[in-house]
Structure formats: C-alpha cells, structure tokens
Amino acid sequence: MIEMQSVSKTYTTGRNRVEALKSVSFVVDERDFVAIQGSSGSGKSTLLNVLGILDSFDAGTYLLDGTPMTDLTPTQAAHYRNRFIGFVFQSFNLIQHKTALENVALPLYYRGINRKQRHSAALEYLDRMGMKDRADHLPKELSGGQSQRVAIARAMVTQPVLLLADEPTGALDSQNTEQILQLFNEMNGEGMTVVVVTHEDEVADSAGRVVQLHDGEIVRDYRNAPH
Ligand code: ADP
Ligand code: MG
C-alpha cells in the first residue's frame with residue numbers, strides 16, 4: 001500500500017534549516033494498523049502530510065499503491081487523494097455553518113454524486129459512527145467526541161482504502177479516545193489500512209504496529225501483541 005525509500009524533507013525559513021524527515025524508509029502493508037509515535041517536533045505531521053500527498057518532499061521515493069508520488073500536478077495529486085485516502089485531524093475541521101449530514105455529504109458533492117445519493121450515503125456513515133440522531137446538528141452543537149465521529153464519517157463516506165489521522169484523539173478525553181480507537185479498529189477489521197499519528201501511548205497500544213520517530217528518524221518499529 002505504502003512504500004517509502006529514504007524520504008527526506010527540510011524546511012528552510014530565513015537562515016534556519018530544519019530536517020523534518022531524515023531518510024525515512026518504511027513499508028505499510030494493506031490492512032495494517034500503524035501508529036506513528038513521537039514527541040512534539042519529531043516529524044509526525046510532516047510524515048503524514050507526505051503520505052497524504054498534502055505536502056512534497058525533497059529526496060527519496062514514495063510509492064502509493066505502486067505509483068511514485070513524485071512530480072504530480074495538483075490535479076493528479078488531488079486524484080490520488082480523492083481516490084485512496086481519508087483524512088482525520090485533531091481539530092476535526094468541520095465546516096461550521098453546515099450540519100453534520102452536510103459535512104459528511106460534501107466529499108460526495110465534489111465527486112458529482114446527486115443530492116439524494118449523497119444524503120443517503122452520509123446518513124449511513126453517520127449511523128455507523130453512532131451519530132445518525134445528530135444529522136441535523138451544527139458542529140457547535142456537538143461535543144468533541146461527537147465532532148470527531150462526524151469527521152470520521154466524512155473521511156469514510158468516499159470508501160477510501162487508506163485512513164490517515166493526525167492526533168485524532170488529541171483534543172478528546174479518555175472515554176471519547178477509547179470510542180474513536182474502537183471505530184478505527186472496526187474499520188481496520190473491515191480491511192481499511194489505518195495510519196495514525198500520535199504522542200499518546202494509549203493510541204499506540206491500540207495499533208498493530210508502532211513506528212517511533214525521533215528528530216525526523218525512525219528509531220523503533222515493533223508490533224504489539226494481538227489483543
Ligand atoms: P510533529 O507533528 O511530530 O510535532 P512536525 O512534523 O510538525 O512535528 O514538525 C517537525 C519539525 O519541522 C519541527 O521542528 C517543526 O518546527 C518543523 N516544521 C514543521 N512545519 C514547518 C514549516 N511549515 N516551516 C518550517 N518548519 C516546520
Ligand atoms: Mg504534529
């Protein structure tokens with residue numbers, strides 16, 4: 001699914017250079033559930049943004065489903081993102097003036113799917129996330145955990161093969177964290193490849209495999225005992 005070979009990325013701002021990724025190589029198999037763990041500034045978001053084709057890199061190779069993600073035009077990048085990937089962010093990124101249902105249906109609008117089908121698919125995914133009864137609520141009327149479940153429904157509604165999540169439970173209490181992790185596990189059990197970035201042990205423990213980053217380098221890569 002994912003194959004990275006010696007991927008490096010440096011940010012240059014004025015006189016400062018930060019090597020955010022230093023020759024990172026790793027492979028993620030289809031259907032795996034991988035946590036990328038590291039302290040703040042270790043390069044987790046940079047790595048996830050490269051994986052999600054949201055950001056470019058300076059050197060190395062990144063193959064997504066066998067295709068090199070190099071020198072893509074914005075249109076090609078959007079095509080791969082839309083076709084393969086669902087994103088979940090720490091801050092949910094819901095559109096404030098749209099209802100839960102409208103937020104979840106939006107990616108289907110961009111795919112040219114008609115209103116009736118959009119709404120029925122959005123309702124189905126809200127239902128799967130236990131949020132059907134909040135379909136008409138605005139984001140400000142939802143708790144953090146509920147907002148994240150809507151955001152996950154939005155990520156899933158296009159049926160991606162890869163779910164990328166950046167600190168998805170970073171703004172949630174432990175009970176809601178538990179619920180979100182359970183949903184990720186369920187989706188992974190149904191065949192979805194999941195890569196989640198986190199600094200929390202609780203999140204790393206729930207994944208099948210943990211890749212630890214430190215200063216832009218992979219320092220540890222291990223599998224959790226099955227549970
Ligand atoms: P993490 O998500 O693990 O906290 P990041 O990937 O966000 O780490 O950042 C890795 C390093 O790259 C940090 O030192 C950070 O300051 C730097 N960095 C991240 N984004 C930028 C940017 N847009 N411009 C300059 N430096 C950046
Ligand atoms: Mg980050």
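Computed from a predicted structure; not experimentally measured.
In terms of hydrophobic clustering, with Ile, Leu, Val, Met, Phe, Trp and Tyr side chains grouped at heavy-atom distances under 4.5 Å, Leu142 and Leu126 are assigned to a common cluster. One hydrophobic cluster, built from ILVMFWY side chains closer than 4.5 Å, cannot hold both Val196 and Val24; they sit in different ones. Hydrophobic cluster membership differs between Leu106 and Met129, with clusters built from Ile, Leu, Val, Met, Phe, Trp and Tyr side chains linked at under 4.5 angstrom. In the hydrophobic cluster analysis, where Ile, Leu, Val, Met, Phe, Trp and Tyr join through side-chain heavy atoms closer than 4.5 angstrom, Tyr110 is grouped apart from Val104. Residues Val194 and Leu48 fall into different hydrophobic clusters, defined by Ile, Leu, Val, Met, Phe, Trp and Tyr side chains chained together at heavy-atom separations under 4.5 Å.
Side-chain atoms of Arg134 and Arg149, non-hydrogen and from C-beta on, never get closer than 4.5 Å to each other. A 4.5 Å side-chain heavy-atom check between Ile36 and Val195 finds at least one atom pair inside the cut-off. Residues Gln175 and Glu178 fail the side-chain proximity criterion, which asks for heavy atoms closer than 4.5 Å. At a threshold of 4.5 Å between non-hydrogen side-chain atoms, the residues Phe92 and Val150 do not count as touching. Phe184 places none of its side-chain heavy atoms less than 4.5 Å from the side chain of Val203. Counting only heavy atoms from C-beta outward, the side chains of Thr177 and Ile180 never approach each other to under 4.5 Å.
A donor-acceptor pair is defined here as one N or O able to donate and one able to accept, closer than 3.5 Å; such a pair exists between the side chain of Gln148 and the backbone of Phe89. Remark: the backbone N or O of Thr10 is not paired with any side-chain donor or acceptor of Arg17 at under 3.5 angstrom. The closest donor-acceptor contact from the side chain of Ser25 to the backbone of Ser6 lies under 3.5 Å. Checking side-chain atoms of Asp29 against main-chain N and O of Asp32 turns up no donor-acceptor pair under 3.5 Å. Side chain of Tyr62 to main chain of Leu51: a donor-acceptor pair is present (N/O by atom type, distance under 3.5 Å, no hydrogens or angles). Put simply, the side chain of Asn224 gets close to the backbone of Ala207: a donor and an acceptor are under 3.5 Å apart. A side-chain donor-acceptor contact under 3.5 Å links Asn103 to the backbone of Lys98. In this structure, Thr169 contributes its side chain and Leu172 its backbone to no donor-acceptor pair below 3.5 Å.
Nearest approach of Ser8 to Lys22, heavy atoms of both residues: OG-C, 4.0 Å. Across every non-hydrogen atom of Gln76 and Leu72, the tightest pair is OE1-CA, 3.4 Å. Here the closest non-hydrogen pair linking Pro168 and Val197 is CD-O, 3.7 Å. Between Asn176 and Gly145, the shortest heavy-atom distance links the atoms OD1-CA, 3.5 Å. Taking all atoms of both residues into account, the shortest heavy-atom contact from Ser56 to Val50 is O-CG2, 3.9 Å. Contact record, Ser147 with Pro139: OG-O, 4.1 Å, taken as the closest heavy-atom pair.
Between the CE atom of Met131 and the CG atom of Leu123 there is a distance of 12.0 Å, given to the nearest 0.5 Å. How far CD of Glu19 is from NZ of Lys9: 12.5 Å, rounded to the nearest 0.5 Å. Residue Ser42 holds its OG atom at 9.5 Å from CD of Gln212, rounded to the nearest 0.5 Å. In this structure, CG in Leu163 is found 15.0 Å from CZ in Phe84, a value given to the nearest 0.5 Å. One distance of note links OG of Ser23 with CD of Gln5; it measures 8.5 Å at 0.5 Å rounding. The line from CE of Met1 to CG of Leu64 is 6.5 Å long, rounded to the nearest 0.5 Å.
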- Query: Please walk me through it: do Gln146 and His137 pass side chain to side chain contact (heavy atoms under 4.5 Å, CB included)?
  - Reply: CA-CA 11 Å; Gln146 290 172 336; His137 287 231; over 6 Å; no
- Query: Given Val34 and Ile2, is the side chain to side chain contact (heavy atoms under 4.5 Å, CB included) satisfied, shown in steps?
  - Reply: CA-CA 11 Å; Val34 181; Ile2 285 171; over 6 Å; no
- Task: Let me see the working for Arg81 and Phe87 under side chain to side chain contact (heavy atoms under 4.5 Å, CB included), right down to the final yes or no.
- Result: CA-CA 9 Å; Arg81 271 199 306 273; Phe87 288 98; 3.9 Å; yes
- Message: Test side chain to side chain contact (heavy atoms under 4.5 Å, CB included) on Phe57 and Met4; report intermediate values, then the result.
- Response: CA-CA 11 Å; Phe57 51 97; Met4 274 198 170; over 6 Å; no
- Task: Evaluate side chain to side chain donor-acceptor pair (under 3.5 Å) for Asn188 paired with Asn185, printing each intermediate quantity in order.
- Result: CA-CA 5 Å; Asn188 177 242; Asn185 260 300; over 6 Å; no
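Around the CZ atom of Arg209, the shell of radius 6.0 Å holds more than 12 heavy atoms that belong to other residues, nucleotides or ligands. His79 NE2: more than 12 foreign heavy atoms inside a 6.0 Å radius. For CG of Asp71, the number of neighbouring non-hydrogen atoms (other residues, nucleotides, ligands) closer than 6.0 Å is 12 at most. Within 6.0 Å of CZ in Arg83 there are 12 or fewer heavy atoms belonging to other residues, nucleotides or ligands. For Tyr11, the OH atom sits in a packed shell: over 12 heavy atoms of surrounding residues, nucleotides or ligands are nearer than 6.0 Å.
Ion pairing between a basic and an acidic side chain is recognised when a charged N comes within 4.0 Å of a carboxylate O; Asp166 and Lys44 show no such pairing.
Between Thr158 and the options Leu108, Asn82, Ile85, a side chain to side chain contact (heavy atoms under 4.5 Å, CB included) holds for only Leu108.
Of the N and O atoms on the side chains of Asn93 and Ser91, at least one donor lies less than 3.5 Å from an acceptor on the other residue.
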